[in-house]
Amino acid sequence: MPAPDEPYYCSQQINIPPELPDILKQFTKAAIRTQPRDVLGWSAAYFKAMSRGEVPPVKERLEMPVATQKTDTGLTPGLLRALNKQLGPKKVTNISLIEEKWKELALPKEKFDDLVRLGSFAGDVEWLKFFALASSTLGENLCDAMKLICEILTADPEGGAARIPFTLWKDLYKFLASVDGEISQESIDEVCAHLQYDVDKQEGFVQPRNFLNPDCPKLSK
């Protein structure tokens, strides 16, 4: 029995907001898919985004560990895709906002600082260049990076050709080649000239199988 001075509640007196069960259900599913390292920090970012009508920091699906990743940076294709969904529509954004979204996913600050240094990013930056440089940390070579870029940026359904506009592909490839510093302009021109034949037959689009073809000049030496 409750003490005389304590209020007594019964189930009929407890008012549960009708939207609460669905909110908690969606939150739980998002947390399971995303597997955040810092659950409390991620939860705060999730509900902040939801309250503002923004894209939350959520993976599309649960993913397996990346076997080809150079080092364990904490970043995965799924997390990179989530960042792109949040920041991609902005095209140009301040580096401080990228850092904020990076922290919300509990990604290592030292990796963020490395990317900023490598890309010489400061102030307002083109999101896709930061995105491309981050992609380059998730594979063994530049070819892996460009394949991942296509898979994330494509409008094709999952498992499809993963096509993106060749103009966009060239911009990001040339940017990564410039950061690499060991790829000659002659090699870049040779790759682009070779791919142009396929692109002309694909309505201006390029897809991974074009530059993965053994006949294509190597993207990096």
Side-chain angles (χ1 to χ4, degrees), residues 7 9-69 72-112 115 125-139 145 147-164 168 208:
Y9 296 100
C10 63
S11 59
Q12 290 80 6
Q13 292 175 301
I14 300 174
N15 180 31
I16 299 176
E19 66 274 19
L20 181 59
D22 187 58
I23 290 174
L24 294 179
K25 179 180 178 181
Q26 295 304 317
F27 164 73
T28 302
K29 290 169 64 176
I32 292 172
R33 290 200 309 272
T34 306
Q35 296 287 301
R37 293 187 173 191
D38 177 1
V39 177
L40 289 178
W42 176 86
S43 299
Y46 174 89
F47 284 113
K48 181 174 72 173
M50 295 297 289
S51 69
R52 294 178 176 179
E54 300 172 351
V55 177
V58 176
K59 288 183 186 178
E60 293 181 354
R61 63 188 61 83
L62 184 65
E63 60 183 340
M64 299 300 291
V66 184
T68 59
Q69 190 169 325
D72 182 13
T73 63
L75 185 64
T76 67
L79 292 175
L80 186 56
R81 190 184 296 270
L83 284 169
N84 185 61
K85 287 179 67 176
Q86 291 182 295
L87 297 166
K90 300 180 183 298
K91 299 187 185 303
V92 175
T93 188
N94 196 274
I95 194 65
S96 62
L97 180 58
I98 299 176
E99 183 176 16
E100 176 185 330
K101 300 302 182 184
W102 186 273
K103 288 180 178 178
E104 287 177 354
L105 289 170
L107 292 170
K109 185 177 187 304
E110 57 271 19
K111 174 50 61 176
F112 174 82
L115 293 172
V125 303
E126 295 179 56
W127 159 248
L128 285 180
K129 288 186 175 178
F130 186 96
F131 161 82
L133 195 54
S135 297
S136 71
T137 69
L138 295 176
K147 180 175 181 290
L148 179 59
I149 287 169
C150 287
E151 290 171 347
I152 293 180
L153 297 185
T154 188
D156 291 334
E158 185 177 2
R163 299 166 297 173
I164 66 172
L168 173 59

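Please read all numbers here as calculations on a predicted model, not as lab measurements.
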Taking the inter-plane angle between the rings of Phe112 and Phe130 on a 0 to 90° scale, is it parallel (under 30°), tilted (30 to 60°) or perpendicular (over 60°)?
tilted
Taking all non-hydrogen atoms of both residues, which atom of [X] and which atom of [Y] are closest, and how far apart?
X: Ala162; Y: Cys150; value: O-CB, 3.4 Å
X: Phe47; Y: Ile23; value: CE2-CG2, 3.9 Å
X: Pro208; Y: Ala161; value: CD-O, 3.3 Å

Decide if atom [atom1] of [X] counts as having more than 12 heavy atoms of other residues, nucleotides or ligands within a radius under 6.0 Å.
X: Leu24; atom1: CG; answer: yes
X: Lys147; atom1: NZ; answer: no
X: Glu126; atom1: CD; answer: no
X: Glu19; atom1: CD; answer: yes

Residue that, paired with Pro36, satisfies side chain to side chain contact (heavy atoms under 4.5 Å, CB included) out of Leu40, Thr34, Asp38:
Thr34
Evaluate salt bridge (Lys or Arg N to Asp or Glu O under 4.0 Å) for Arg81 paired with Glu63, printing each intermediate quantity in order.
CA-CA 12 Å; Arg81 190 184 296 270; Glu63 60 183 340; over 6 Å; no
Using modelled atom types and a 3.5 Å cut-off, is there a donor and acceptor pairing between side-chain atoms of Thr154 and backbone atoms of Glu151?
no
Test item: Trp42 side-chain N/O and Val58 main-chain N/O as donor-acceptor pair under 3.5 Å:
no
